[in-house]
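The residues of the chain are indexed from 1 along the displayed sequence.
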Amino acid sequence: MLSEPRSGRLAAWGNALLAGLASPDHVALAIVGEDAAHRVEGVPGEAGPVGLTLALGRLRALGATGFRVALPAPGHPLGLSGPPEFNARALEAEEAVVCSGAAVGLVPEVYEVGPEGDVRVDVMWHCLAVREAPPADVPSLGEAERELAEALRDATAVLSRLDVAGSGPVAEAAIDAYRARVEGGGAEVLAPGYPPRAVRVLELAQRVGLLVSVARGNGHGGAVSASEMAARVEALRPVERVARRAQVAAYNAWVEERERGR
């Protein structure tokens, strides 16, 4: 869930491009990452799909001053502002990028192509109209950091009581998450130009996501009754929600700081 959404890479490196801290070619390579290729369709003024470099340039010419991330889930339109058509596409993809200063957003569609044994991943970003309004339910970095620490502590206590993952992995993941909060690190987690606190919050959010993945990836662990299984699900739901909120806060920090500085 929380390893590194493609919308996060596009927003972070797109912001670095706008800040003049990375070249267009470097930005395009960073966004593509391990995928085979990324294209963007629906860019205003373009008849067909175009490459990332051209698309980002067009968006800047349209007035884009920053890129925000949305990570919506059913019942939680995190980072979205409408209209319904865009929200629906973003919810289906579970992620999106919203441009500040230009009423457009980008939603990725992932394709696996190639023969068995040589499968590659292509991504088509769909450029759609968005409503210029405050994004839904995005916390500040400070709020996100506090929420993460509290959610991790509460969830770890519940999961340990239920013996959800049997033993070591859950405890190790929890220790890693707390270590990330104390030590920071993650120098390559975000693009140039982001504040250190954003790096710290994103690193912690990803490690909290690891805790959720570990707990969900080990069957029902020691939970032997239906009530215990239900308690496990209830323990994971709020911590996953908090981790998504924190990720969005971290990726959006560059735009938030820029707008506060106006």
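Hydrophobic cluster membership for M124: Y111, V113 (Ile, Leu, Val, Met, Phe, Trp, Tyr linked by side-chain heavy atoms under 4.5 Å, directly or transitively).
When the side chain to side chain contact (heavy atoms under 4.5 Å, CB included) test is applied to A70, the partners found at least two apart in sequence or on another chain are P72, L80, A96. Judged as a ring-ring contact (aromatic ring centres under 6.0 Å, His included), and not counting sequence neighbours, the contacts of H26 are W13. Applying the side chain to side chain contact (heavy atoms under 4.5 Å, CB included) test to V130 and every residue at least two apart in sequence or in another chain returns F86, V98. Scanning for salt bridge (charged side-chain N to carboxylate O under 4.0 Å, His left out) contacts around R197 gives E145, with sequence neighbours left out. Remark: W254 engages no residue in a side chain to side chain donor-acceptor pair (under 3.5 Å) (not counting sequence neighbours). With sequence neighbours left out, E116 forms a side chain to side chain contact (heavy atoms under 4.5 Å, CB included) with no residue at all. In this view, A129 satisfies the side chain to side chain contact (heavy atoms under 4.5 Å, CB included) rule with no residue, not counting sequence neighbours.
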Can you give the donor-acceptor pairs under 3.5 Å from side chains of residues 49-60 to other protein atoms, not counting sequence neighbours?
residue : atom : partner : partner atom : Å
R58     : NE   : E46     : OE2          : 2.7
R58     : NH2  : E46     : OE2          : 2.7

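Legend: salt bridge (charged side-chain N to carboxylate O under 4.0 Å, His left out) pairs involving residues 88-107, not counting sequence neighbours: none detected. Judged as a salt bridge (charged side-chain N to carboxylate O under 4.0 Å, His left out), not a single pair has a partner in residues 16-29 (not counting sequence neighbours). Among residue pairs with one or both ends in residues 97-111, none qualify as salt bridge (charged side-chain N to carboxylate O under 4.0 Å, His left out); sequence neighbours excluded.
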